[in-house]
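Here the structure comes first, spelled out in structure tokens, and everything after it is commentary.
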Amino acid sequence: MIIAHISDTHLALDSPGAERRIGDFASTIADINALDPPADVIVHTGDIVHNGRRDEYAQAVALLAKARAPVYVLPGNKDDRANLRAAFSGAGYFTAGCDFIDYAVEDYPVRLIALDTLSPGNGGGDFRREQAEHLKELINAEPGKPIAVFTHHPPFEVTVGPDRFHFATMDSMERLRDALQQCARIIAVFSGHVHRAASGLVGRIPARVVPCVATTLRKGEYPSPMKTRPVYHVHRYDPAWGFATESRVVSIDASAARERRTASTPAASLADV
Ligand SMILES: [Fe+2]
């Protein structure tokens with residue numbers, strides 16, 4: 001099983017960097033489409049758009065429609081839960097009657113569980129008590145398969161960059177960590193939000209953060225030729241070894257079309273995370 005994991009595309013229409021954000025997103029999907037062997041599934045771990053606007057989601061839906069593999073999304077702190085839900089509900093995988101965008105995907109050797117850590121008006125994540133109860137139900141709905149959990153905010157201490165914790169309160173992060181550690185079948189946690197690669201643990205569970213797709217917002221040092229090429233993660237599952245994660249730099253072919261369209265590179269700021 002091969003999961004293409006993308007995050008933090010931050011589509012922002014009517015802004016100086018709009019074309020570049022679209023290009024980063026489009027070239028990433030083109031690169032995933034060219035993977036050989038192909039990805040079985042694509043997961044976007046949030047901050048799909050920058051301002052939560054419906055027209056931004058319409059653009060995201062159009063870009064993701066070009067993906068050959070099925071796509072699953074969850075919200076980040078820059079997303080608007082209602083507008084995201086409206087834009088993507090046609091795919092039918094959101095849990096009916098659930099306030100949060102927490103759901104399970106059953107179609108693969110590894111179950112995928114997406115958890116919604118969006119706290120409206122707050123850049124930090126949240127995980128409420130009712131979500132912990134719902135997570136138990138999602139886990140118990142299938143007794144045998146391993147599980148990979150996806151969140152926007154990483155539920156572990158991130159030791160690179162200026163911010164070590166990415167939840168609004170330590171209580172909410174601990175609630176999520178406790179809930180995850182109740183199930184021995186959870187074998188991986190994959191997140192976004194930090195805009196740079198990071199790894200850690202949730203108890204014994206390995207956890208990883210994928211860099212952002214939006215190249216103007218990416219944190220960390222990259223060689224000059226890579227600065228206009230998005231990065232995403234490919235998680236390959238082996239029943240004997242679990243997940244092996246590869247950082248994939250979008251190919252020059254996939255990014256060439258984007259570079260022809262890109263006029264300028266706005267500076268990033270921490271406020272954009
Ligand atoms: Fe972000």
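Note that ligands are numbered from 1 as they come in the structure, with each ligand's atoms numbered from 1 the same way.
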I'd like the atom name of the N/O/S atom in Asp47 lying closest to the Fe ion (ligand 1). OD2
Of the backbone and side-chain N, O or S atoms of His195, does one lie nearer to the Fe ion (ligand 1) than 2.8 Å? yes
So, 2.8 Å as the limit: is an N/O/S atom of His10 located closer than that to the Fe ion (ligand 1)? yes
pair Leu11-Leu63: side-chain heavy atoms closer than 4.5 Å: yes
Applying side-chain contact (heavy atoms from CB on, under 4.5 Å) to Arg129 and Glu133, what does each step give before you reach the verdict? CA-CA 7 Å; Arg129 285 191 176 81; Glu133 291 303 311; 6.0 Å; no
If we ignore angles and hydrogens, is there a donor and acceptor under 3.5 Å between the side chains of His5 and Thr45? yes
Ring centres under 6.0 Å, that's the criterion: do His10 and His50 meet it? yes
Of all N/O/S atoms in Asp8, the name of the one nearest the Fe ion (ligand 1): OD1
